[in-house]
Amino acid sequence: MSFLHIQSYQQSTEESSHPLNSKLNFVQIQAIDLKPYKKKWRLLFNNVPSPKILESIYNDLQGQTIEDRETKEMIFLQCILLNMRAPLNLKLNEEQWIHISELMPTYKTPLKWSQICQQFVHQSAYNNPWSENEDKLLLDIILSFQRMKKGNKWSKIARELNERSLNKFIRTPKQCRERWGNKLDPSINRNEWTDQEDLNFLQLLLQHGRRWAELSIRLSPITNNQKRTEFSLKHRFKKLISSTNSTESRSINGTKYAISSDWNNKEINKLLSKISHLEMKTSQREVENFYYHPLTKQIKLNDFNKLVIIRGSSKVELDLSILFNQTNSQFND
């Protein structure tokens, strides 16, 4: 007798006659202690669904189109795994995956069900580093979605990646989004940080708080639409603040900036101190860039010595070399 068809002699008449009881042992599932599974798995329920709920899910999944199909599939799949007392690491043999595939009301290959089950294990996605082939596949899929103006539908992108990838584990929508946003997006700004960019970043951070995705968008126009990743913003913030030794207390009420409620007084003091320091550095650099002393520097011409002025259909050419030569000779005298 199959390991999924074991019946209990303690079943009630109603449960034993239930149409789904040939697939799931209701008494056995209800008696399972879910605590160890909740620690290791992402269970979609706090208590095992009743026979009536499972029957409703089973019938819905056999229909043509239903809402929340994916969620209902996962609930039924988890109940099958609990019924068979699957190990917490979900390492099953090929025969067991085949049997699970036969029991599910919707069709997927045994390999596909084994891949889907990996998302139940906590942090399973982060235990497997991205391969070069996965990165290439994900980039191709996202660019294809963009060309067809499908947008970034991460659930669909993840599903297509998992179907095309040869991995035995699956990538979640969240993991695909993070990989794109932190690694693959061509618009990522990988240049060195400048003082001006640091200043703009901290000014926005002080006003909007730790809203990293929003800050990335707000900063990108300043850097020619090249964006900093959320990860790089967090890392830069920690680096800038850790290098700030602020012992002077600053007046929060007197500052010209709006301040987010995310910050406490100590953090505000550090941010204001670093912003003040950067404002001084950038303003001083602007003065150095534009300051010109005529007694120490000469005006020199390049190969084009004439200034052409066009007004309507008339054209006037001014020979600037005479003027500049006279100016330089005066300075030299």
Side-chain angles (χ1 to χ4, degrees), residues 1-125 153-156 158-159 162 168-175:
M1 185 177 291
S2 169
F3 57 90
L4 287 177
H5 293 178
I6 298 175
Q7 300 294 317
S8 170
Y9 292 104
Q10 299 177 353
Q11 290 176 321
S12 66
T13 304
E14 180 183 356
E15 289 173 333
S16 61
S17 61
H18 202 282
L20 277 182
N21 207 37
S22 60
K23 295 179 179 291
L24 300 176
N25 187 320
F26 296 132
V27 172
Q28 179 172 301
I29 298 178
Q30 295 291 337
I32 291 176
D33 181 11
L34 294 182
K35 289 182 180 179
Y37 292 96
K38 288 181 179 179
K39 290 181 180 179
K40 295 293 184 179
W41 292 2
R42 296 183 180 91
L43 282 179
L44 299 177
F45 42 78
N46 293 321
N47 300 298
V48 177
S50 67
K52 289 185 179 180
I53 293 177
L54 285 173
E55 181 182 16
S56 174
I57 292 175
Y58 186 85
N59 292 332
D60 285 344
L61 289 173
Q62 289 183 315
Q64 293 295 325
T65 57
I66 62 166
E67 293 183 2
D68 302 325
R69 172 181 290 275
E70 188 173 346
T71 301
K72 291 183 177 182
E73 277 184 343
M74 299 304 98
I75 290 174
F76 202 84
L77 179 58
Q78 287 185 347
C79 287
I80 290 178
L81 294 171
L82 291 173
N83 187 80
M84 63 184 291
R85 303 297 179 110
L88 295 177
N89 59 11
L90 289 177
K91 291 184 178 179
L92 307 175
N93 59 42
E94 184 178 357
E95 181 183 352
Q96 290 171 315
W97 289 120
I98 292 174
H99 209 128
I100 289 174
S101 177
E102 294 172 349
L103 291 172
M104 287 297 296
T106 49
Y107 174 75
K108 287 183 175 65
T109 64
L111 176 60
K112 183 63 177 178
W113 287 122
S114 69
Q115 291 176 333
I116 290 174
C117 284
Q118 292 305 311
Q119 68 180 298
F120 298 153
V121 181
H122 280 303
Q123 298 186 7
S124 61
K153 304 293 185 182
W154 296 111
S155 59
K156 294 182 179 180
R159 187 179 300 117
N162 293 322
K168 294 184 178 180
F169 53 85
I170 70 164
R171 297 297 183 184
T172 64
K174 179 182 178 182
Q175 198 181 10

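Residues: numbered from 1 along the sequence shown. Predicted model, so just to flag it, every value in this text is computed and none were measured.
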### Message
So Asn162 and Ile116, do their side chains get closer than 4.5 Å, heavy atoms only?
### Response
no

#### Entry: Reported CD1-to-OG distance for the pair Ile29 and Ser50, which is rounded to 0.5 angstrom
11.0 Å

### Query
Donor-acceptor pair, Trp97 side chain versus Trp113 backbone, under 3.5 Å?
no

## Note on the structure
Distance col, row Phe120:CZ vs Leu77:CG, nearest 0.5 angstrom, shows 4.5 Å

### Message
Would you compute the distance between atom CH2 of Trp41 and atom CG of Leu82 and round it to the nearest 0.5 angstrom?
### Response
5.5 Å

### Message
Do Glu73 and Arg69 have side chains that approach each other closer than 4.5 Å (heavy atoms only, starting at C-beta)?
### Response
yes

### Task
Would you confirm whether Asn59, through its side chain, and Glu55, through its main-chain N or O, come within 3.5 Å as a donor-acceptor pair?
yes

### Task
Begin with the C-alpha distance, continue with both residues' side-chain angles, and end with the deciding distance and a verdict on side-chain contact (heavy atoms from CB on, under 4.5 Å) for Tyr37 and Ile32.
CA-CA 10 Å; Tyr37 292 96; Ile32 291 176; 3.8 Å; yes

### Query
In Å, rounded to the nearest 0.5 Å, how long is the span from CD of Glu102 to CD1 of Ile80?
11.0 Å

### Query
Ala86 and Leu92: which non-hydrogen atoms are nearest, and at how many Å?
CB-CD2, 4.3 Å

### Query
Going through the distances and angles, do His99 and Met84 end up as a side-chain contact (heavy atoms from CB on, under 4.5 Å)?
CA-CA 11 Å; His99 209 128; Met84 63 184 291; over 6 Å; no

### Query
Quick one: does Phe76's side chain get under 4.5 Å of Met104's, heavy atoms only?
yes

### Message
Whether the side chain of Gln78 engages the backbone of Ile75 through a donor-acceptor N/O pair (distance < 3.5 Å, no angle test) should be reported.
### Response
no

### Message
Please find the pair of heavy atoms, one from Leu90 and one from Cys117, that lie closest to each other, and give the distance.
### Response
CD1-O, 3.1 Å

### Query
Side-chain contact, heavy-atom cut-off 4.5 Å: Asn46 with Leu34?
no

### Message
With a 3.5 Å distance limit and no angle check, can you tell me whether Ser101 reaches the backbone of Tyr107 through a side-chain donor-acceptor pair?
### Response
no

### Message
As an exercise, state the distance from CD1 of Ile57 to CE of Met74, rounded to the nearest 0.5 Å.
### Response
11.5 Å

### Query
Quick one: NZ on Lys35 to CG on Leu43, what's the gap to the nearest 0.5 Å?
14.0 Å

### pair Ser114-Thr109: side-chain heavy atoms closer than 4.5 Å
no

### Query
Can you name the closest pair of heavy atoms from Leu54 and Cys79 and give their distance?
CD2-SG, 3.6 Å

